[in-house]
Amino acid sequence: MCGRFTLTIDSNAVARAFNVAVPKSLQAGPRYNVAPTQDVVAVLNDGEPHLDLLRWGLIPSWAKDASIGSRMINARAETLAEKPSFKRLLNSRRCLIPADGFYEWQKVDGGKVPMYITLKGHEPFAFAGLWDSWKTADGEVLRTCTIITTHANDLVAPIHERMPVILPPDAREIWLDPGLHDANILLPLLKPCDPEAMQAREVSRRVNSPQYDGSDLIA
DNA sequence: CCAGACGTTGTT
DNA sequence: GTCTGG
DNA sequence: CCAGACGTTGTT
DNA sequence: GTCTGG
């Protein structure tokens with residue numbers, strides 16, 4: 001699955017890497033421990049692709065309260081086209097979630113060890129995501145997102161059963177295309193990425209605390 | 001028809 | 001909103 | 001994902 | 001154990 005990740009470049013560098021516009025009001029710094037319910041940088045396309053901030057943990061538009069959001073942090077690629085919560089989002093609420101690494105906890109005798117997984121060159125990449133908007137009791141609009149997962153590739157499998165979908169660069173534009181509604185084109189994009197391009201290593205248990213966001217986590 | 005759920009992961 | 005179960 | 005809270009009534 | 005919050 002994917003319950004924590006990093007984005008260690010600021011939002012201007014993300015915009016350059018993804019060749020998208022960034023609103024002046026959006027200034028996000030490097031992050032070493034992004035956790036659910038926090039704001040994440042996302043790429044949306046409502047005509048022109050641009051950066052935006054979304055809260056991680058999907059709150060469907062019909063939800064009565066926000067608490068469901070902390071459990072909807074992932075959507076299974078294999079079933080999302082049939083799930084009531086996700087089906088309609090696949091049509092019209094797709095997004096990219098830029099990152100440059102993610103954490104998975106490997107079960108070992110006596111506990112769990114956090115592992116940090118990146119591309120070999122540490123390049124930024126894009127998780128495939130879905131988003132939705134939800135109205136609070138006060139009428140405020142809250143936009144939230146979820147990260148799509150699939151079965152683990154050969155590199156991640158020893159660590160964990162599942163991993164986030166990382167879209168190859170040439171799939172990003174297709175995934176974001178607001179005019180595209182064909183599940184037969186979209187769903188095949190949601191595959192585990194090439195294990196040869198990735199590397200993994202153990203990191204400090206300090207990452208366990210969602211409060212801790214120090215750069216020493218991955219130093 | 002209406003009522004009630006709608007999710008993932010991991011663990012047992 | 002949309003799907004499943006009764 | 002992990003961390004941390006988790007309940008009511010009544011009395012101080 | 002289970003739920004909520006980050």
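Below, chains carry the letters A, B, ... as their sequence lines are ordered, and counting in each starts from 1.
- Screening residues 75-84 of chain A for side chain to side chain donor-acceptor pair (under 3.5 Å), with sequence neighbours left out, gives A:E78-A:R162.
- Comparing the C1' positions of D:dC1 and B:dT9 gives an interatomic distance of 9 Å, to the nearest angstrom.
- Remark: A:P84, A:K87 in residues 81-99 of chain A come within less than 4.0 Å of DNA chain C through at least one heavy atom.
- One atom, CE of A:M72, and another, C1' of B:dG7, lie 5 Å apart when rounded to the nearest Å.
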Could you pull out the protein-nucleic contacts involving nucleotides 1-6 of chain E (nitrogen or oxygen on both sides, under 3.5 Å)?
unit_1, atom_1, unit_2, atom_2, d
E:dT4, OP2, A:R71, NH1, 2.7
E:dG5, N7, A:S70, OG, 3.3
E:dG6, N9, A:P36, O, 3.3
E:dG6, N9, A:T37, OG1, 3.0
E:dG6, N7, A:P36, O, 3.2
E:dG6, N7, A:T37, OG1, 2.8
E:dG6, N2, A:R4, NH2, 3.3

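- For the pair A:E161 CD and D:dC1 P, the computed distance is 12 Å after rounding to whole Å.
- Note: NZ (A:K64) to P (B:dA3) measures 12 Å, nearest angstrom.
- Side-chain atoms of A:R201 come within 3.5 Å of backbone N or O of A:I218 as a donor-acceptor pair.
- Atom C1' of B:dT8 sits at a distance of 15 Å from the matching atom of E:dT2, rounded to the whole Å.
- A distance-only check finds a donor-acceptor pair linking the side chain of A:N153 to the backbone of A:C193 [under 3.5 Å].
- Results of the side-chain contact (heavy atoms from CB on, under 4.5 Å) test with A:R94 over A:L189, A:L89, A:L186, A:L176 single out A:L186 as the only residue that passes.
- Using a distance-only test at 3.5 Å, with no hydrogens or angles considered, no donor-acceptor pair links the side chain of A:D10 to the main chain of A:A28.
- Nucleic acid contact class of A:W62 (heavy atoms, under 4.0 Å, all strands): base.
- Checked for salt-bridge contact, A:R93 and A:D132 meet the test: a charged N lies under 4.0 Å from a carboxylate O.
- Atom pair A:I117:CD1 and D:dC1:P shows a separation of 13 Å (rounding to whole Å applied).
- Summarising the base pairing, E:dT2 is matched to D:dA5 through a Watson-Crick or G-U wobble pair whose two defining distances lie under 3.5 Å.
- In this structure, A:I148 places its CD1 atom 14 Å from C1' of B:dG7, rounding to the nearest Å.
- Nucleotides B:dG7 and E:dG6 have their P atoms positioned 24 Å apart, rounded to a whole Å.
- The residue from A:R206, A:Q38, A:R4 that alone fulfils the side chain to side chain donor-acceptor pair (under 3.5 Å) condition with A:N33 is A:R4.
- A centroid separation of less than 6.0 Å is found between the aromatic rings of A:F127 and A:F5.
- When the P atom of B:dG7 is taken as reference, atom CG of A:D132 falls 13 Å away, rounded to whole Å.
- The phosphate of B:dG7 has neither OP1 nor OP2 within less than 4.0 Å of any side-chain N or O from A:T146.
- Taking the P atoms as reference points, E:dT4 lies 14 Å from B:dC6, given to the whole Å.
- In this structure, CG of A:L130 is placed 12 Å from P of B:dG7, rounded to the nearest angstrom.
- Comparing B:dA3 with D:dT11, their C1' atoms sit 44 Å apart, to the nearest whole Å.
- Atoms CG (A:L58) and P (B:dG7) sit 11 Å apart, rounded to a whole Å.
- Between A:Y103 and A:T6, the side chains place no donor N or O within less than 3.5 Å of an acceptor N or O (distance only, hydrogens not considered).
- Remark: the backbone N or O of A:P30 is not paired with any side-chain donor or acceptor of A:T8 at under 3.5 angstrom.
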